[in-house]
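Reading through the C-alpha coordinates given below for one structure.
Whatever order the structure lists them in is the order used to number ligands and atoms, beginning at 1. Computed over heavy atoms, backbone and side chain alike; hydrogens, waters and symmetry mates excluded. All residue numbers in this chain count up from 1 along the given sequence.
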Amino acid sequence: MNPLRKTDPDVARILRGEAKRQQDGLEMIASENYVSQAVFEALGSVLSNKYAEGYPGKRYYGGQEWTDAIESLAIDRAKALFGAEHANVQPHSGAAANLAAYMAVLNPGDTVLGMDLSHGGHLTHGASVTLPAKIYRFAHYKTEADGSIDYAKLERLANKEKPKLMLAGFSSYTRTIDYERFAAIARKAGAVPMMDMAHIAGLVAGRALLSPVPFFDIVTATTHKTLRGPRGGLILSTEAFADRIDKAVFPGTQGGPHMHTIAAKAVAFGEAATPGFRTYAKRILSNAKALEKEFRARGVVPVFGGTDNHMLLIDTVASYGISGRTAQDLLDGIGISVNKNVVPDDPRGPSDPSGIRLGVPAATTRGMRAPEMRRIAGWIDEVLRSGGDTSVAARAKREVKASCREFPIA
Ligand SMILES: *Cc1c(COP(=O)(O)O)cnc(C)c1O
(Lines give C-alpha, C1' and ligand atoms only; values in the text may rest on other atoms or scores of the structure.)
Protein backbone atom coordinates (compact mmCIF):
# COMPACT_ATOMS: atom_id res chain seq x y z
CA MET A 1 0.00 0.00 0.00
CA ASN A 2 1.19 3.50 -0.84
CA PRO A 3 1.06 5.86 2.13
CA LEU A 4 -0.75 9.19 1.86
CA ARG A 5 2.46 11.21 2.11
CA LYS A 6 3.58 9.58 -1.18
CA THR A 7 0.27 9.57 -3.08
CA ASP A 8 -0.99 12.98 -1.95
CA PRO A 9 1.64 15.10 -0.22
CA ASP A 10 -0.67 18.16 -0.21
CA VAL A 11 -3.29 16.47 1.94
CA ALA A 12 -0.63 14.80 4.08
CA ARG A 13 1.00 18.16 4.80
CA ILE A 14 -2.34 19.66 5.91
CA LEU A 15 -3.03 16.69 8.20
CA ARG A 16 0.43 17.05 9.77
CA GLY A 17 -0.27 20.73 10.35
CA GLU A 18 -3.54 19.99 12.13
CA ALA A 19 -1.92 17.25 14.22
CA LYS A 20 0.72 19.73 15.37
CA ARG A 21 -1.90 22.38 16.09
CA GLN A 22 -3.79 19.91 18.28
CA GLN A 23 -0.61 18.76 20.03
CA ASP A 24 0.77 22.22 20.78
CA GLY A 25 -2.50 24.04 21.50
CA LEU A 26 -4.88 23.95 24.41
CA GLU A 27 -8.36 22.86 23.33
CA MET A 28 -11.01 24.50 25.49
CA ILE A 29 -13.89 24.22 23.03
CA ALA A 30 -16.53 22.44 25.11
CA SER A 31 -17.73 20.18 22.28
CA GLU A 32 -14.30 18.83 21.29
CA ASN A 33 -12.24 15.89 22.45
CA TYR A 34 -9.49 13.46 21.35
CA VAL A 35 -10.42 9.93 20.32
CA SER A 36 -8.36 6.84 21.04
CA GLN A 37 -6.17 4.97 18.57
CA ALA A 38 -8.81 2.21 18.60
CA VAL A 39 -11.54 4.64 17.47
CA PHE A 40 -9.23 5.93 14.69
CA GLU A 41 -8.55 2.37 13.53
CA ALA A 42 -12.25 1.56 13.27
CA LEU A 43 -12.86 4.82 11.38
CA GLY A 44 -10.10 4.08 8.88
CA SER A 45 -11.30 0.52 8.30
CA VAL A 46 -12.69 -1.57 5.42
CA LEU A 47 -16.23 -0.80 6.58
CA SER A 48 -15.82 2.55 4.82
CA ASN A 49 -16.28 0.59 1.58
CA LYS A 50 -19.68 -0.91 2.39
CA TYR A 51 -23.28 0.07 1.66
CA ALA A 52 -25.79 -1.20 4.22
CA GLU A 53 -29.14 0.57 3.80
CA GLY A 54 -31.64 -0.81 6.27
CA TYR A 55 -31.02 -2.41 9.64
CA PRO A 56 -29.36 -5.68 10.80
CA GLY A 57 -31.24 -8.60 9.23
CA LYS A 58 -33.28 -6.22 7.02
CA ARG A 59 -30.82 -4.77 4.47
CA TYR A 60 -31.46 -3.75 0.88
CA TYR A 61 -28.06 -4.95 -0.43
CA GLY A 62 -26.21 -8.26 -0.08
CA GLY A 63 -22.93 -9.04 1.66
CA GLN A 64 -24.05 -7.92 5.11
CA GLU A 65 -22.59 -10.62 7.38
CA TRP A 66 -20.09 -8.27 9.06
CA THR A 67 -22.06 -5.03 8.81
CA ASP A 68 -24.94 -6.74 10.63
CA ALA A 69 -22.49 -7.99 13.26
CA ILE A 70 -20.93 -4.56 13.87
CA GLU A 71 -24.23 -2.63 13.96
CA SER A 72 -25.82 -5.20 16.32
CA LEU A 73 -22.80 -4.93 18.59
CA ALA A 74 -22.97 -1.12 18.59
CA ILE A 75 -26.71 -1.21 19.36
CA ASP A 76 -26.28 -3.73 22.19
CA ARG A 77 -23.43 -1.73 23.72
CA ALA A 78 -25.37 1.56 23.50
CA LYS A 79 -28.43 -0.02 25.14
CA ALA A 80 -26.36 -1.53 27.95
CA LEU A 81 -24.27 1.62 28.49
CA PHE A 82 -27.29 3.89 28.87
CA GLY A 83 -29.88 1.39 30.10
CA ALA A 84 -32.12 2.16 27.10
CA GLU A 85 -34.83 -0.06 25.62
CA HIS A 86 -33.92 0.92 22.07
CA ALA A 87 -30.90 2.45 20.32
CA ASN A 88 -30.42 3.71 16.77
CA VAL A 89 -26.71 4.19 16.01
CA GLN A 90 -27.08 5.40 12.40
CA PRO A 91 -27.56 9.20 12.71
CA HIS A 92 -24.67 10.94 10.92
CA SER A 93 -24.55 13.71 13.54
CA GLY A 94 -26.40 15.27 16.44
CA ALA A 95 -28.38 17.49 14.08
CA ALA A 96 -29.40 14.44 12.02
CA ALA A 97 -30.45 12.61 15.20
CA ASN A 98 -32.66 15.54 16.22
CA LEU A 99 -34.21 15.86 12.75
CA ALA A 100 -35.13 12.16 12.78
CA ALA A 101 -36.49 12.37 16.33
CA TYR A 102 -38.71 15.29 15.30
CA MET A 103 -39.94 13.35 12.29
CA ALA A 104 -40.73 10.34 14.50
CA VAL A 105 -43.03 12.37 16.74
CA LEU A 106 -44.32 15.37 14.81
CA ASN A 107 -46.46 16.30 11.84
CA PRO A 108 -45.62 19.48 9.90
CA GLY A 109 -46.98 22.49 11.74
CA ASP A 110 -46.84 20.84 15.19
CA THR A 111 -45.38 22.80 18.09
CA VAL A 112 -42.10 22.06 19.88
CA LEU A 113 -41.13 23.74 23.14
CA GLY A 114 -37.33 23.99 23.52
CA MET A 115 -34.72 26.03 25.33
CA ASP A 116 -33.99 29.50 23.92
CA LEU A 117 -30.72 29.57 21.94
CA SER A 118 -29.20 32.45 23.92
CA HIS A 119 -30.07 30.70 27.19
CA GLY A 120 -28.16 27.58 26.19
CA GLY A 121 -30.34 25.75 23.66
CA HIS A 122 -28.97 24.47 20.34
CA LEU A 123 -29.52 25.73 16.78
CA THR A 124 -31.40 22.51 16.02
CA HIS A 125 -33.92 23.40 18.75
CA GLY A 126 -35.74 25.76 16.43
CA ALA A 127 -33.42 28.55 15.26
CA SER A 128 -35.26 30.30 12.42
CA VAL A 129 -32.49 29.60 9.87
CA THR A 130 -32.89 25.79 10.19
CA LEU A 131 -35.02 23.32 8.25
CA PRO A 132 -36.91 22.07 11.37
CA ALA A 133 -38.03 25.65 12.03
CA LYS A 134 -39.51 25.79 8.53
CA ILE A 135 -41.41 22.52 9.10
CA TYR A 136 -42.49 22.80 12.74
CA ARG A 137 -43.51 25.65 15.02
CA PHE A 138 -40.99 26.26 17.82
CA ALA A 139 -41.63 28.07 21.07
CA HIS A 140 -38.88 28.65 23.63
CA TYR A 141 -38.41 28.78 27.39
CA LYS A 142 -35.70 30.77 29.14
CA THR A 143 -33.59 30.61 32.28
CA GLU A 144 -33.94 32.99 35.24
CA ALA A 145 -31.41 35.67 36.24
CA ASP A 146 -29.82 33.27 38.76
CA GLY A 147 -29.36 30.59 36.08
CA SER A 148 -32.20 28.35 37.26
CA ILE A 149 -35.27 27.21 35.36
CA ASP A 150 -38.62 28.32 36.83
CA TYR A 151 -40.70 25.14 36.46
CA ALA A 152 -44.00 26.80 37.37
CA LYS A 153 -43.38 29.29 34.56
CA LEU A 154 -42.41 26.42 32.22
CA GLU A 155 -45.67 24.66 33.05
CA ARG A 156 -47.71 27.77 32.26
CA LEU A 157 -45.86 28.14 28.96
CA ALA A 158 -46.46 24.48 28.08
CA ASN A 159 -50.17 24.84 28.78
CA LYS A 160 -50.31 27.95 26.60
CA GLU A 161 -48.24 26.65 23.65
CA LYS A 162 -49.62 23.08 23.67
CA PRO A 163 -46.43 21.46 22.28
CA LYS A 164 -46.40 17.91 20.87
CA LEU A 165 -42.73 17.63 21.87
CA MET A 166 -40.91 19.20 24.81
CA LEU A 167 -37.16 19.44 24.51
CA ALA A 168 -34.67 19.48 27.34
CA GLY A 169 -30.98 19.73 26.49
CA PHE A 170 -28.46 22.42 25.73
CA SER A 171 -25.12 23.46 24.29
CA SER A 172 -24.08 26.22 26.66
CA TYR A 173 -26.31 25.88 29.74
CA THR A 174 -24.16 24.83 32.69
CA ARG A 175 -26.65 23.92 35.41
CA THR A 176 -28.74 20.84 36.21
CA ILE A 177 -32.20 20.25 34.75
CA ASP A 178 -34.79 18.56 36.99
CA TYR A 179 -35.58 15.73 34.56
CA GLU A 180 -38.41 14.28 36.60
CA ARG A 181 -40.20 17.60 36.87
CA PHE A 182 -39.54 18.53 33.25
CA ALA A 183 -40.91 15.23 31.91
CA ALA A 184 -43.96 15.41 34.20
CA ILE A 185 -44.78 18.91 32.89
CA ALA A 186 -44.44 17.66 29.30
CA ARG A 187 -46.69 14.64 29.83
CA LYS A 188 -49.32 16.70 31.63
CA ALA A 189 -49.36 19.16 28.71
CA GLY A 190 -49.78 16.27 26.24
CA ALA A 191 -46.22 16.49 24.89
CA VAL A 192 -43.60 13.79 24.37
CA PRO A 193 -40.60 14.56 26.64
CA MET A 194 -37.29 14.47 24.76
CA MET A 195 -33.77 15.14 26.01
CA ASP A 196 -30.88 16.20 23.76
CA MET A 197 -27.84 15.14 25.80
CA ALA A 198 -25.37 15.87 22.97
CA HIS A 199 -22.92 17.62 25.28
CA ILE A 200 -23.19 15.50 28.41
CA ALA A 201 -23.57 11.97 26.96
CA GLY A 202 -20.09 11.03 28.21
CA LEU A 203 -20.81 12.36 31.69
CA VAL A 204 -23.99 10.28 31.74
CA ALA A 205 -22.20 7.18 30.38
CA GLY A 206 -19.48 7.65 33.00
CA ARG A 207 -22.10 7.93 35.78
CA ALA A 208 -20.87 11.40 36.78
CA LEU A 209 -24.27 12.97 36.03
CA LEU A 210 -27.78 11.62 36.54
CA SER A 211 -29.04 9.79 33.46
CA PRO A 212 -32.01 11.35 31.66
CA VAL A 213 -32.83 8.00 30.01
CA PRO A 214 -35.37 6.77 32.63
CA PHE A 215 -37.34 10.03 32.43
CA PHE A 216 -37.61 10.76 28.69
CA ASP A 217 -39.27 8.84 25.84
CA ILE A 218 -36.53 9.92 23.45
CA VAL A 219 -32.91 10.87 24.19
CA THR A 220 -30.61 12.06 21.41
CA ALA A 221 -26.84 12.41 21.69
CA THR A 222 -23.65 13.05 19.80
CA THR A 223 -20.89 10.49 20.10
CA HIS A 224 -17.95 12.88 19.70
CA LYS A 225 -18.25 15.37 22.56
CA THR A 226 -17.80 14.17 26.15
CA LEU A 227 -18.47 10.60 24.94
CA ARG A 228 -15.09 10.77 23.13
CA GLY A 229 -16.06 8.69 20.10
CA PRO A 230 -16.24 9.39 16.35
CA ARG A 231 -18.24 12.31 14.99
CA GLY A 232 -21.81 11.06 14.91
CA GLY A 233 -25.25 10.86 16.45
CA LEU A 234 -27.25 8.42 18.54
CA ILE A 235 -30.95 8.08 19.40
CA LEU A 236 -32.16 6.19 22.47
CA SER A 237 -35.86 5.60 23.04
CA THR A 238 -38.47 3.53 24.75
CA GLU A 239 -39.69 0.43 22.93
CA ALA A 240 -42.92 2.30 22.07
CA PHE A 241 -40.99 4.75 19.87
CA ALA A 242 -38.47 2.24 18.44
CA ASP A 243 -40.20 1.62 15.13
CA ARG A 244 -40.98 5.29 14.44
CA ILE A 245 -37.39 6.31 15.30
CA ASP A 246 -35.88 3.68 13.00
CA LYS A 247 -38.15 4.63 10.09
CA ALA A 248 -37.45 8.33 10.62
CA VAL A 249 -33.67 7.76 10.45
CA PHE A 250 -33.86 5.46 7.43
CA PRO A 251 -35.48 5.99 5.00
CA GLY A 252 -36.98 9.14 6.56
CA THR A 253 -33.97 11.42 6.72
CA GLN A 254 -30.84 9.46 5.73
CA GLY A 255 -29.57 7.03 3.12
CA GLY A 256 -26.86 4.45 3.72
CA PRO A 257 -25.38 4.32 7.22
CA HIS A 258 -21.67 5.08 7.68
CA MET A 259 -20.59 1.62 8.80
CA HIS A 260 -17.00 2.64 9.61
CA THR A 261 -18.38 5.30 11.96
CA ILE A 262 -20.76 2.77 13.51
CA ALA A 263 -17.77 0.49 14.16
CA ALA A 264 -16.00 3.40 15.84
CA LYS A 265 -19.13 4.14 17.88
CA ALA A 266 -19.10 0.51 19.07
CA VAL A 267 -15.47 0.98 20.16
CA ALA A 268 -16.33 4.23 21.98
CA PHE A 269 -19.32 2.65 23.76
CA GLY A 270 -17.01 -0.16 24.87
CA GLU A 271 -14.45 2.34 26.18
CA ALA A 272 -17.16 4.37 27.95
CA ALA A 273 -18.27 1.26 29.87
CA THR A 274 -14.86 0.86 31.59
CA PRO A 275 -13.92 1.99 35.12
CA GLY A 276 -11.27 4.22 33.54
CA PHE A 277 -13.95 6.17 31.73
CA ARG A 278 -15.90 6.66 34.97
CA THR A 279 -12.80 8.19 36.48
CA TYR A 280 -12.48 10.39 33.39
CA ALA A 281 -16.08 11.60 33.67
CA LYS A 282 -15.64 12.44 37.36
CA ARG A 283 -12.42 14.33 36.59
CA ILE A 284 -14.21 16.42 33.98
CA LEU A 285 -16.61 17.65 36.65
CA SER A 286 -13.90 18.35 39.21
CA ASN A 287 -11.77 20.10 36.58
CA ALA A 288 -14.68 22.35 35.55
CA LYS A 289 -15.21 23.19 39.23
CA ALA A 290 -11.51 23.99 39.65
CA LEU A 291 -11.64 26.27 36.62
CA GLU A 292 -14.74 28.01 38.00
CA LYS A 293 -13.11 28.44 41.41
CA GLU A 294 -10.05 30.14 39.96
CA PHE A 295 -12.16 32.52 37.87
CA ARG A 296 -14.18 33.40 40.97
CA ALA A 297 -10.98 34.02 42.94
CA ARG A 298 -10.10 36.50 40.20
CA GLY A 299 -13.47 38.22 40.52
CA VAL A 300 -15.10 36.65 37.44
CA VAL A 301 -18.52 35.11 38.09
CA PRO A 302 -19.60 32.74 35.30
CA VAL A 303 -22.99 33.12 33.57
CA PHE A 304 -25.75 30.98 35.21
CA GLY A 305 -23.86 31.44 38.50
CA GLY A 306 -21.41 28.56 37.96
CA THR A 307 -21.27 25.06 36.53
CA ASP A 308 -22.60 21.58 37.30
CA ASN A 309 -21.14 20.06 34.14
CA HIS A 310 -18.07 20.30 31.88
CA MET A 311 -18.34 23.91 30.76
CA LEU A 312 -18.33 27.54 31.83
CA LEU A 313 -19.89 30.50 30.09
CA ILE A 314 -18.06 33.78 30.66
CA ASP A 315 -19.60 37.16 29.87
CA THR A 316 -16.48 38.88 28.54
CA VAL A 317 -18.26 42.20 28.05
CA ALA A 318 -19.31 42.30 31.70
CA SER A 319 -16.05 40.90 33.10
CA TYR A 320 -13.42 42.39 30.79
CA GLY A 321 -15.13 45.02 28.65
CA ILE A 322 -14.36 43.11 25.43
CA SER A 323 -16.62 41.16 23.06
CA GLY A 324 -16.62 37.39 22.70
CA ARG A 325 -14.97 37.60 19.30
CA THR A 326 -12.16 39.80 20.58
CA ALA A 327 -11.67 37.41 23.50
CA GLN A 328 -11.60 34.40 21.15
CA ASP A 329 -9.00 36.13 18.95
CA LEU A 330 -6.80 37.11 21.91
CA LEU A 331 -6.89 33.51 23.19
CA ASP A 332 -6.18 32.09 19.72
CA GLY A 333 -3.06 34.26 19.84
CA ILE A 334 -1.74 32.35 22.88
CA GLY A 335 -2.72 28.89 21.63
CA ILE A 336 -5.97 28.45 23.56
CA SER A 337 -8.99 27.56 21.38
CA VAL A 338 -12.39 28.66 22.67
CA ASN A 339 -15.61 29.69 20.97
CA LYS A 340 -17.38 33.00 21.19
CA ASN A 341 -20.88 32.43 22.52
CA VAL A 342 -24.10 34.32 23.14
CA VAL A 343 -25.19 34.94 26.72
CA PRO A 344 -28.88 35.00 27.80
CA ASP A 345 -30.82 37.62 25.79
CA ASP A 346 -27.52 38.78 24.32
CA PRO A 347 -27.90 42.35 23.02
CA ARG A 348 -25.07 41.66 20.53
CA GLY A 349 -25.46 39.42 17.46
CA PRO A 350 -24.17 35.82 17.19
CA SER A 351 -21.21 36.86 15.01
CA ASP A 352 -19.75 39.02 17.78
CA PRO A 353 -21.58 38.02 20.96
CA SER A 354 -20.97 38.99 24.60
CA GLY A 355 -19.22 35.89 25.84
CA ILE A 356 -17.04 32.84 25.41
CA ARG A 357 -17.72 29.20 26.29
CA LEU A 358 -15.00 27.14 27.96
CA GLY A 359 -14.98 23.35 28.26
CA VAL A 360 -12.57 20.96 29.96
CA PRO A 361 -13.21 17.53 28.31
CA ALA A 362 -10.27 17.71 25.86
CA ALA A 363 -7.78 19.02 28.45
CA THR A 364 -8.99 16.31 30.86
CA THR A 365 -8.34 13.65 28.19
CA ARG A 366 -4.73 14.93 28.07
CA GLY A 367 -4.46 14.19 31.78
CA MET A 368 -4.72 17.76 33.07
CA ARG A 369 -6.09 18.19 36.59
CA ALA A 370 -6.88 20.96 39.08
CA PRO A 371 -3.39 22.58 39.12
CA GLU A 372 -3.49 22.90 35.32
CA MET A 373 -7.07 24.25 35.48
CA ARG A 374 -5.87 27.01 37.81
CA ARG A 375 -3.10 27.91 35.40
CA ILE A 376 -5.50 27.88 32.42
CA ALA A 377 -7.92 30.23 34.20
CA GLY A 378 -4.91 32.40 35.02
CA TRP A 379 -3.71 32.62 31.40
CA ILE A 380 -7.20 33.37 30.12
CA ASP A 381 -7.91 35.95 32.83
CA GLU A 382 -4.57 37.73 32.43
CA VAL A 383 -4.71 37.90 28.64
CA LEU A 384 -8.33 39.11 28.54
CA ARG A 385 -7.56 41.67 31.23
CA SER A 386 -4.34 42.87 29.55
CA GLY A 387 -5.98 44.95 26.83
CA GLY A 388 -3.85 43.23 24.18
CA ASP A 389 -0.49 43.72 25.97
CA THR A 390 1.97 41.77 23.81
CA SER A 391 4.39 40.88 26.62
CA VAL A 392 1.56 39.30 28.66
CA ALA A 393 0.45 37.35 25.58
CA ALA A 394 4.00 36.23 24.70
CA ARG A 395 4.61 34.83 28.19
CA ALA A 396 1.20 33.09 28.29
CA LYS A 397 1.81 31.60 24.85
CA ARG A 398 5.15 30.11 25.96
CA GLU A 399 3.59 28.66 29.09
CA VAL A 400 0.58 27.20 27.22
CA LYS A 401 2.90 25.45 24.78
CA ALA A 402 5.13 24.11 27.55
CA SER A 403 2.10 22.79 29.40
CA CYS A 404 0.80 21.06 26.26
CA ARG A 405 4.22 19.41 25.77
CA GLU A 406 3.97 18.16 29.36
CA PHE A 407 0.55 16.60 28.62
CA PRO A 408 0.82 15.10 25.11
CA ILE A 409 -2.22 13.76 23.29
CA ALA A 410 -1.91 10.00 23.57
C1 LIG B 1 -23.57 19.62 19.26
C2 LIG B 1 -25.03 19.59 19.45
C3 LIG B 1 -25.89 19.12 18.44
C4 LIG B 1 -25.43 18.89 17.02
O5 LIG B 1 -24.48 17.97 16.83
P6 LIG B 1 -23.72 17.89 15.40
O7 LIG B 1 -23.07 16.56 15.45
O8 LIG B 1 -22.81 19.05 15.34
O9 LIG B 1 -24.78 17.97 14.35
C10 LIG B 1 -27.23 18.99 18.73
N11 LIG B 1 -27.72 19.32 19.93
C12 LIG B 1 -26.94 19.82 20.92
C13 LIG B 1 -27.56 20.17 22.22
C14 LIG B 1 -25.57 19.99 20.70
O15 LIG B 1 -24.81 20.51 21.65
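- Among residue pairs with one or both ends in residues 312-367, none qualify as ring-ring contact (aromatic ring centres under 6.0 Å, His included); sequence neighbours excluded.
- In this structure, F170 and Y173 have perpendicular ring planes: the angle between them is above 60°, well past the 30° mark.
- Distance check, rounded to the nearest 0.5 Å: CG of L81 to CZ of F277 gives 8.0 Å.
- Contact residues of ligand 1 (protein heavy atom closer than 4.0 angstrom to a ligand atom; sorted by chain and number): S93, G94, A95, N98, H122, T124, F170, S171, D196, A198, H199, T222, H224, K225.
- Using a 4.0 Å cut-off between charged side-chain N and carboxylate O, R137 and E161 make a salt bridge.
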For E144 and K153: C-alpha separation, side-chain torsions, deciding distance, then whether salt bridge (Lys or Arg N to Asp or Glu O under 4.0 Å) applies. CA-CA 10 Å; E144 300 304 306; K153 210 174 185 178; 3.0 Å; yes
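- A donor-acceptor pair is defined here as one N or O able to donate and one able to accept, closer than 3.5 Å; such a pair exists between the side chain of N159 and the backbone of E155.
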